Amino acid sequence: MLPREFYDKDTVTVARNILGKRIIRKIKGIEISGIITETEAYKHTDDPASHAFGKQTDRNKAMFGDVGHAYVYFTYGMHYCFNVVARHPKIKAGAVLIRSIEPEKGINKIKKNRGTINLKNLTNGPAKLTQALEITRKHYGVDLTKDSKLHITDGIKHEKIYTSPRVGIKKATDKLWNFKINIKS
DNA sequence: GTGCAGATCCCCT
DNA sequence: GGGGATCTGCACG
């Protein structure tokens, strides 16, 4: 399990550090796991693209809560996205969006959840991986540092981190807060 | 292979 | 009442 202190750093730093870590999801005795391969940082008053740019609301309150917990939101009428609350202690809000994972265990279950057998299309997008891992609003605020049905542990080593603008936003597109790795498979 | 419209609902203004 | 940190299928070439 990654300790609470792992998430107690600048949001961009955590977004980079969490690459290569492992998400573990347990559903009725079936274990699904995957390596985090793409993330984005969403901050606070210095980030107009962040849900926490304005004041705290019912929707974004998890981003103001304890680090190491999940922030799950619903968007476009049909999709959930999964974030991990992470920020420097002096900052009031922030989270890391998990955009993509590389499946390890439970691939059959993932295929069933996704309704496809195309390996490249299983978990390579923020809404795809929540569908694959059955992450929904019920997981809003869950503690990811505790062994449970959804948590994050240490993962694998990786090499170069690729940096890009964030995807799908219209504000603050000058910030290079999207991070990716390639893993050998 | 690329591009765009439609799906569909919750939360903020 | 409107827009959104998206995905998919279908049309076109």
Side-chain angles (χ1 to χ4, degrees), chain A residues 7 10-19 21 23 25 32 34 36-65 67-88 91-103 107 109-142 144 150 152 161-181:
Chain A
Y7 305 100
D10 177 77
T11 306
V12 170
T13 302
V14 178
R16 297 173 63 95
N17 289 349
I18 205 169
L19 290 166
K21 304 303 183 198
I23 300 182
R25 171 88 171 104
I32 299 175
I36 297 172
T37 56
E38 183 178 355
T39 63
E40 282 176 3
Y42 285 89
K43 298 180 54 166
H44 186 214
T45 52
D46 57 343
D47 183 6
S50 171
H51 290 167
F53 178 66
K55 60 179 183 180
Q56 183 175 337
T57 65
D58 268 353
R59 182 209 202 194
N60 67 20
K61 62 185 176 189
M63 290 181 74
F64 294 78
V67 299
H69 287 246
Y71 168 49
V72 179
Y73 67 87
F74 184 83
T75 192
Y76 292 111
M78 42 173 46
H79 296 301
Y80 292 98
C81 292
F82 173 59
N83 300 245
V84 184
V85 179
R87 62 178 185 276
H88 188 278
I91 307 296
K92 289 194 173 61
V96 174
L97 170 68
I98 310 299
R99 285 193 60 86
S100 181
I101 66 174
E102 186 73 24
I107 293 184
K109 178 70 171 165
I110 291 175
K111 287 178 179 171
K112 193 173 163 190
N113 285 344
R114 292 273 302 119
T116 177
I117 59 168
N118 183 343
L119 281 175
K120 305 222 163 194
N121 197 26
L122 290 176
T123 52
N124 62 338
K128 295 181 188 178
L129 76 90
T130 57
Q131 191 182 9
L133 302 197
E134 295 184 26
I135 295 173
T136 70
R137 197 152 212 305
K138 287 188 299 191
H139 300 98
Y140 192 97
V142 303
L144 301 167
L150 179 63
I152 300 177
I161 296 178
Y162 298 87
T163 302
S164 328
R166 291 173 293 179
V167 175
I169 55 169
K170 300 203 172 79
K171 299 171 186 166
T173 50
D174 57 319
K175 300 194 187 305
L176 302 178
W177 287 348
N178 173 293
F179 305 103
K180 284 190 283 272
I181 57 172

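Basis for what follows: all heavy atoms, side chains included, without hydrogens, waters or symmetry-related copies. Please read all numbers here as calculations on a predicted model, not as lab measurements. Throughout, a chain's letter reflects where its sequence line sits, starting with A, and its residues are numbered from 1.
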Looking across every strand, which nucleic acid part, if any, lies under 4.0 Å from [X] by heavy atom: base, sugar-phosphate, or nothing?
| X | answer |
| --- | --- |
| A/R59 | sugar-phosphate |
| A/A49 | base |
| A/D58 | sugar-phosphate |

Hey, mind stepping through A/V84 and A/I98 against side chain to side chain contact (heavy atoms under 4.5 Å, CB included) and telling me if it holds?
CA-CA 8 Å; A/V84 184; A/I98 310 299; 4.2 Å; yes

Treating a pair as Watson-Crick (purine N1 to pyrimidine N3 plus N6-O4 or O6-N4) or G-U wobble (N1-O2 and O6-N3) with both distances under 3.5 Å, list the stems of 3 or more consecutive pairs that involve DNA chain B.
B:1-7 with C:6-12, B:9-12 with C:1-4

Side-chain contact test, heavy atoms from C-beta onward, threshold under 4.5 Å: evaluate it for [X] versus [Y] and give yes or no.
| X | Y | answer |
| --- | --- | --- |
| A/Y80 | A/I135 | no |
| A/V67 | A/V14 | no |
| A/H44 | A/R87 | no |
| A/P126 | A/E40 | no |
| A/F82 | A/H139 | no |
| A/T11 | A/V96 | yes |

Within a radius of less than 6.0 Å around CD1 of A/I117, do more than 12 heavy atoms belonging to other residues, nucleotides or ligands occur?
no

Where does the chain A footprint on DNA chain C start and end, counting 5' to 3' with a 4.0 Å heavy-atom cut-off?
C/dG4 to C/dT8

For DNA chain C, the residues among residues 109-124 of chain A that have a non-hydrogen atom under 4.0 Å from it
A/R114, A/N121

Tell me the interatomic distance from A/Y73, atom OH, to B/dC9, atom C1', rounded to whole angstroms.
15 Å

To the nearest 0.5 Å, what is the distance between CG (A/L122) and CG (A/L129)?
11.0 Å

Please round to the nearest 0.5 Å and tell me the distance separating atom CZ of A/F179 and atom CD1 of A/I36.
14.0 Å

Distance between the P atoms of C/dA5 and B/dG3, in whole angstroms?
22 Å

Assuming nearest nucleotide by heavy-atom distance, tell me which of A/Y76 and A/R137 is located more 5' along DNA chain B.
A/Y76

5' precedence on DNA chain B between A/Q56 and A/T75 (nearest-nucleotide basis)
A/T75

Checking salt bridge (charged side-chain N to carboxylate O under 4.0 Å, His left out) against A/E38, which of A/R166, A/R16, A/K128, A/R99 comes through?
A/R99

